[in-house]
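Keep in mind that what you see is a predicted model, and the values were worked out from it rather than measured.
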Amino acid sequence: MGNSHSSHSPNGSSKGLSRNNSKKEHQEVDKVPKQALPTDLLAKVLTEKSLEQDIQGIGCSVFKKYLFPQYPELGRRIFAYLITQSGYPASSHVISTAHFRTQAEKIIGILTEEQQVSIYVTMFADGKEEMDQKQFSDLLYSVYKLTMDHYPEGPQSCRHIFKTLKAVVDSAVHVKSFTNPQKFLHHVLSYKGPTLTFLRGENDNVFCVGATSEWHESHQYWGAQDCIILQILPLYRVIEKGPKLIYLNTSIRGYPMGIRAGSDPRKPALEINADLSQMTYAGAPYPLYSVEVWGCGDIKSRETQLEIKSWQVKQAEKQRCVKLSAKEWMDHPDRYLLELAGRTNYVDGGDRS
């Protein structure tokens with residue numbers, strides 16, 4: 001890697017670079033004016049350091065060594081991003097000085113938060129549309145290290161960071177998003193643990209309902225002291241916090257149907273209709289785009305949910321394979337359907353009519 005003598009052109013072809021090309025490139029770098037941009041000076045220094053290792057252009061090993069000595073994996077991913085954005089193959093370990101300067105200027109330029117997130121995701125997803133669990137974990141850990149290492153009071157650490165990362169990644173993978181009320185009930189009611197429910201409505205209105213215990217249907221409000229209602233977007237704020245904030249009813253007649261959240265049953269902070277199509281906040285209705293539920297319980301909560309689902313599957317299978325007595329079959333609607341189709345005799349192994 002450190003002693004590579006070839007480079008790849010943006011069209012994917014590989015071609016060697018002669019000493020003359022290298023000298024020409026350095027002559028161009030030396031022409032940088034004294035009041036040059038930071039990227040010009042950085043490109044010049046890295047090119048010189050690479051040449052000391054007999055690398056023509058800027059090598060990945062040099063990039064990591066001098067810019068990310070404490071974060072080599074992050075440095076490798078950033079370099080790979082520069083490489084692919086320049087049109088080089090992802091496997092290349094060398095980038096030309098001109099291409100490096102161009103891509104570096106884009107990164108340190110003024111970017112929106114959405115653009116920054118997109119760049120990070122692209123880096124850690126290795127250029128693919130989606131990240132797997134390990135890539136997502138690597139991204140979170142890199143962000144954690146950068147944040148904790150640069151506290152004003154000095155570097156900080158957390159003894160449970162890997163357990164925390166695993167919980168976050170598992171939750172992200174197992175998160176459920178619903179627009180169908182039956183699916184919502186099927187998945188949420190079988191989860192025996194605390195949850196975070198995100199409600200995404202029109203005009204980027206996002207709310208979160210935090211329940212410290214499992215969801216259940218009732219004509220009364222429920223929830224422990226730490227239940228909370230948050231507005232996430234467009235402004236972040238705590239709407240309410242306390243016991244008996246949550247209400248769910250889809251079957252009890254004579255009482256409001258749907259989901260409600262708030263301490264005042266007569267005027268709840270949030271209302272979601274029974275078919276999960278509309279959300280009302282502070283009296284203003286919004287079309288509801290999605291209901292997203294994150295399970296925040298321990299491993300036991302997840303195992304309990306899986307056991308319940310397994311039992312439901314077995315019960316459904318039993319119902320499907322139930323054997324009928326002769327008397328039950330005589331009154332069964334399937335018999336009439338078969339007779340309408342012209343089949344009047346029923347013998348194991350085939351129709352002998």
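- If you take CD on Q220 and CG on N249, they are separated by 11.5 Å, rounding to the nearest 0.5 Å.
- Applying the 6.0 Å contact sphere to CG of D264 captures more than 12 heavy atoms from other residues, nucleotides or ligands.
- At least one donor-acceptor pair under 3.5 Å links the side chain of Q156 to the backbone N or O of G154.
- The number of heavy atoms from other shown groups lying within 6.0 Å of CD (E113) does not exceed 12.
- Using modelled atom types and a 3.5 Å distance limit, the side chains of Q70 and D149 yield no donor-acceptor pair.
- Contact check for L199 versus V206: no side-chain heavy atoms found under the 4.5 Å cut-off.
- Side chain of T147 to backbone of V143: a donor-acceptor contact under 3.5 angstrom is found.
- At least one donor-acceptor pair closer than 3.5 Å links the side chain of E240 to the backbone N or O of S263.
- Residue K244 holds its NZ atom at 12.5 Å from OH of Y221, rounded to the nearest 0.5 Å.
- Taken from OG1 in T47 to CD1 in I58, the straight-line distance is 4.0 Å, to the nearest 0.5 Å.
- Every side-chain contact (heavy atoms from CB on, under 4.5 Å) that S118 has, sequence neighbours left out, goes to T122.
- For an aromatic pair to be called close, the ring centres must be under 6.0 Å apart, and Y255 with Y247 fails this.
- Using a distance-only test at 3.5 Å, with no hydrogens or angles considered, no donor-acceptor pair links the side chain of Q85 to the main chain of L82.
- Side-chain contact between I228 and L245: absent, with no pair of heavy atoms (C-beta onward) separated by less than 4.5 Å.
- Closest heavy-atom contact between M131 and L139: CE-CD2, 3.9 Å.
- Between E105 and R101 there is no salt bridge, since none of the side-chain N atoms of the basic residue sits less than 4.0 Å from a carboxylate O of the acidic one.
- Taking the centre of each ring, Y191 and W294 stay at or above the 6.0 Å mark.
- Taking the six-membered ring wherever Trp is involved, the centroid distance between the rings of F68 and F63 falls below 6.0 Å.
- Contact annotation: the side chain of Y236 never approaches that of Q231 to less than 4.5 Å [non-hydrogen atoms, C-beta and beyond].
- Checked against a 6.0 Å centroid threshold, the rings of H99 and Y88 count as neighbours.
- The closest side-chain heavy-atom distance from S61 to K65 is not below 4.5 Å.
- In this structure, a donor-acceptor pair under 3.5 Å is present between the side chains of D275 and N273.
- Not a single donor-acceptor pair under 3.5 Å links the side chain of S92 to the backbone N or O of P89.
- No side-chain heavy atom of K241 sits less than 4.5 Å from a side-chain heavy atom of I229.
- Looking only at side-chain heavy atoms (C-beta outward), L185 and T250 come within less than 4.5 Å of each other.
- To the nearest 0.5 Å, the span separating CD1 on I55 from NE2 on H93 amounts to 10.5 Å.
- With hydrogens and angles disregarded, no donor-acceptor distance shorter than 3.5 Å links the side chain of T195 to the backbone of T197.
- Side-chain contact between L230 and V209 is absent, with no heavy atoms from C-beta onward closer than 4.5 Å.
- Inter-residue side-chain proximity for Q278 and L288 is flagged as unmet; no heavy-atom pair is nearer than 4.5 Å.
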Residues K134, D138; criterion salt bridge (Lys or Arg N to Asp or Glu O under 4.0 Å); working and verdict: CA-CA 6 Å; K134 185 180 184 307; D138 290 342; 3.1 Å; yes
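- The ring of Y281 has its center closer than 6.0 angstrom to the ring center of F207.
- Atom CD of residue E73 and atom CD1 of residue I78 lie 10.5 Å apart, to the nearest 0.5 angstrom.
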